[in-house]
Amino acid sequence: MPELPEVETVRRGLEPAMDRARFAKVDVHRGDLRWPLPKDFKERLQGKTVTGLGRRAKYLLADLSSGDVLLMHLGMSGSFHVFREAGGKKLARYHHEREQHAAHDHVVFHMSSGAIVTFNDPRRFGSMKIVPRGKLEDEPLLNRLGPEPLGNAFDAAMLAAACKGKKTSLKAALLDQRIVAGIGNIYACEALHRALLSPKRVASTIASKSGTPNERAERLVDSIKAVLNDAIKAGGSSLRDHKRPDGDLGYFQHHFRVYDREGQRCVTPHCPGIVRRIAQNGRSTFYCPVCQK
Ligand SMILES: [Zn+2]
């Protein structure tokens, strides 16, 4: 499952192909993604210009000249590929999984920029939806999402207030999209390690009884922002340094401190700990039992 940094990397990769470009032609090979595409999907895109390509949590939002917004989600296995029309040479692909097959190219955008953007999704958990901009606030996919972790509004006071009185684990709190949007299993583990906080710690212990933040909340917010910014930077440099046209972009370019490092030495300076894996809410948590308290 791509998390915020991967989706942001995809957004930056698609921007040159899609922003300020018109949908010259849209092909739908399979409309039954996570939800069926709307019947008027092609009509509402063809001839319209993308006036901006944004992101909210793990959703890409293409603003259209018609006043509609095209919402796109990669799901579990979705990816975008960008081709150049001349000769159909693949320019780049932006996704997080390796397996690709043209049979899974469900939606194809022919852009006036000359780029052909294909959406490939073997498992079809990805989704696309068109919503009038004026109704975006009521959109059920978006309207319960918490703050953007990299936005100014997300700070220690906000996180502490959201965790006040919460008896769930700190890890579970970070995965709760109503508390903060876009963080998944990998970056929750990474942020907690960087903050030297145990994933098993009770969430309310980063706040006072009245919900004011303590030093742990400050550390955690700083770590979340640092982990996400580093991952976006890694994704961005892999876009810039894209030499192989079939190069993969995604998680494997990043260096994780604890994620998927079970049994290996902790990277915290002078820490003798060994990374451990436990199950929390049915998901693997990787952490160091020595320096994460
Ligand atoms: Zn450690």
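Indexing begins at 1, ligand by ligand and atom by atom, following the structure's order.
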Close side-chain approach of Cys266 and Gln292, heavy atoms under 4.5 Å:
no

Which heavy atom of Ala57 sits nearest a heavy atom of Leu4, and at what distance?
O-CG, 4.4 Å

Residues forming a side-chain hydrogen bond (donor to acceptor under 3.5 Å, both in side chains) with Ser208, sequence neighbours excluded
Ser210, Thr212

With sequence neighbours excluded, tell me which residues meet salt bridge (Lys or Arg N to Asp or Glu O under 4.0 Å) with Arg34.
none

Would you call Glu139 and Lys135 a salt bridge, taking side-chain N to carboxylate O under 4.0 Å as the test?
no

Under the salt bridge (Lys or Arg N to Asp or Glu O under 4.0 Å) test, residues paired with Glu15 that sit two or more places apart:
Arg11

For a distance under 2.8 Å, give residue and atom name for each protein N, O or S atom next to the Zn ion (ligand 1).
Cys266 SG, Cys271 SG, Cys288 SG, Cys291 SG

